[in-house]
There are 2 protein chains.
Amino acid sequence: MLKIGFAQFAPVFGHPLKNAELIESMAPDFQSADLIVLPELCSSGYNFSSREEALALSEVLPQSPFLERLHSLCTQHNLYLVAGVNERDGDLLYNSAVLMGPGGILGKYRKMHLFWNEKDIFEPGNLGFPVFQIENLTLGILICFDWIFPEAWRILALKKADIICHPSNLVLPGLAQRAVPIRAVENRFFVVMANRTGDEGDLHFTGCSTIAGPAGNVLAQASEGATEVKIVEADISLARDKQITPRNSVILDRRPADYDLICKS
Amino acid sequence: MLKIGFAQFAPVFGHPLKNAELIESMAPDFQSADLIVLPELCSSGYNFSSREEALALSEVLPQSPFLERLHSLCTQHNLYLVAGVNERDGDLLYNSAVLMGPGGILGKYRKMHLFWNEKDIFEPGNLGFPVFQIENLTLGILICFDWIFPEAWRILALKKADIICHPSNLVLPGLAQRAVPIRAVENRFFVVMANRTGDEGDLHFTGCSTIAGPAGNVLAQASEGATEVKIVEADISLARDKQITPRNSVILDRRPADYDLICKS
C-alpha cells in the first residue's frame, strides 16, 4: 500500500520562502506519506499583475532557494513531492510542476492548457504529457485547467500512469472537484488533486482538494477554506486493472480507429 | 427555445407493442416538446437469455409495428423521438437508436462500445459517430456504456453537435448520472440521458435520467424508480458558445498535435 495525499493551503503571493515555510509547517502531518501533492504555483502565488512581476517571482530549475527547501523536506521525510512552480527558462516562463524526491528533481510537466490571463504570462507547455517512474510506480502530472480536456488524462492512462498528480488553483466553482472522480473512473487510475484556498485580488480559490480512486470513489476531500493535509492508503494494483466489468476494459474496449477526428481537429 | 426531454420508464421484456403502448400512455406529458429521448432497447427490453431470443425480439428498420407506432406519435405531436431499438440487419443484431420525426426515420446510431453480455448478442457499431440535422439543430446519439469513453462525446462536439441524446439501461450505480454533467461542460453541449427503471433477472436499472446544460448544470433529473417525463427549455445558442471563460474555448484550446496517442492505441 502506498500513502498518497495532498497539502491544501493558501500560498502567500510573492514570497517563495514564506511558502516554503508554510509547507514545512505542514510536514508533521505528512506522517509516513510516500507522495504529497502541493497546489499550482505554490512558490509564487497566482494572480500576477504583469509578466514582469511573474518573471521576478520565478524559479530556475533545478535549483533555487524554494526548491532546495522542498528537497530538504523530501530527504528528511523520505518523501516524493509534486509542487506547482513558476518556472523560468531563459526569458520564458512556464506554469510547471516538478516531481521531487530524496534524489532531487525527477521530472517536470509544463501546463499544456493555459487558463485565462495565464496566456499573457506563460508559454504553453512544450513537453507534451510525460510520465515518470518512481520505484514501481508510474506517475503523470496535470495542472488545474487541464482538467477539462479528457484527452490529457486519457493519454496518461495510455502511458500506464497509476496516479495523476493535479496541482490546482481552481476558480470555477466546484466543476473540477466533480470531474476528478469521473476522470479517475474513466481511466481507472488514482487522482490526487491539490487545490489552494484563499483569495488574490478578485480571484477566489475553491479548495476542496480531492483524492479519487479507480472506481470513481472519493477517497478524501478537504474543506473549501482550511489548510489541510489528507493522506490515503492506495492499492496501486487497482489502477492496473482496467476492467470496469469482467468483460469491459476502459482501455481495450476503446475504438481508436474511429477516434481520428480527435487528433486532427 | 427548444423543448427537449426524456421519458423514463420500465420497458416490458419481450413485448414491443406493450412498450409502444407504454410510450403512448406517456404522450400527454410530452406537451409541446420538440424532442423526447427514450431508453436503450425500449422496444424489446434488455436482458436476453440468448442471441436467439434477441433475434426473435428485433426490429427490421425502417418499418416495424413498434416503429410505426412511434412514427404515429411523432406525426400526432409534431415531435422528434430518439428511441433505443434492437435492430436486425440480415442475421446480425445491433444495439441501435433511431432518430424519428414526422417524416419517418432520419438516422440511426449503432452502439460502439458494448457492455458485458451484449458482446454475445450484438455486433459492435459499424457506423462511427454520426451527427444528424433536424431543422437548425445538430444532434448526436450515444447509448448507455458509451458514457465512459470521453472520445465518443468529444468527436460529436467536434462535429458540432448541439445536443447528445443518450438512451440508456444503466446498471452501474450512479456513475453515468454523475458523468453526464461533466460530459456536457467539457464539450459545452446539452445532454439528454434517458435511463430506464425496474429490474430484469439479476439486473437493477438505476433511473435518475438526467438533462445537463453546457455549463455542467443539471437542468432536470428523474427519481430512481418512477415512470417520469421531464422537459426543459434549452437555449441552443449556449451550445454554440464553446468559451468557458472569455479567453478559453473547450474546443480551440485543445492541443490536437499532442493527442495522437489517442488515435493510435
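Chain naming here is simple, since letters A, B, ... match the order of the sequence lines and numbering starts at 1 in each.
- Atom NZ of A:Lys160 is surrounded by 12 or fewer heavy atoms from other residues, nucleotides or ligands within 6.0 Å.
- Of the two parts of A:Ala215, only the backbone, made up of N, CA, C and O, holds a non-hydrogen atom closer than 4.5 Å to a non-hydrogen atom of chain B.
- Proximity to chain B is limited to the backbone of A:Leu114, based on heavy atoms less than 4.5 angstrom apart.
- Of residues 183-207 of chain B, those residues lying under 4.5 Å from chain A by any heavy-atom pair are B:Arg183, B:Val185, B:Glu186.
- Closest approach of A:Arg178 and B:Gly216 over heavy atoms only: NH2-O, 2.8 Å.
- Looking at B:Phe145, the atoms closer than 4.5 Å to chain A (heavy atoms on both sides) all sit in the side chain, from C-beta outward.
- Most heavy-atom pairs under 4.5 Å with chain A, from the set B:Asn117, B:Asp260, B:Ile155: that is B:Ile155.
- Rounded to the nearest 0.5 Å, atoms CD1 (B:Ile262) and CD1 (A:Ile262) are 5.5 Å apart.
- Nearest heavy atom pair, residue B:Phe149 against residue A:Val250, reads CE2-O, 3.6 Å.
- Residue A:Trp153: no heavy atom, backbone or side chain, is found under 4.5 Å from chain B.
- Looking only at heavy-atom pairs under 4.5 Å with chain B, the residue among A:Lys119, A:Lys159, A:Lys264 that has the most is A:Lys119.
- A distance of 4.5 Å separates CD of B:Glu151 from CZ of A:Arg254, quoted to the nearest 0.5 Å.
- Of the residues considered (A:Ile182, A:Ile251, A:Ile244, A:Asn248), A:Asn248 shows the highest number of contacts with chain B, using heavy-atom pairs under 4.5 Å.
- Salt-bridge annotation for A:Arg255 and B:Asp146: absent, with no side-chain N of the basic residue lying under 4.0 Å from a carboxylate O of the acidic one.
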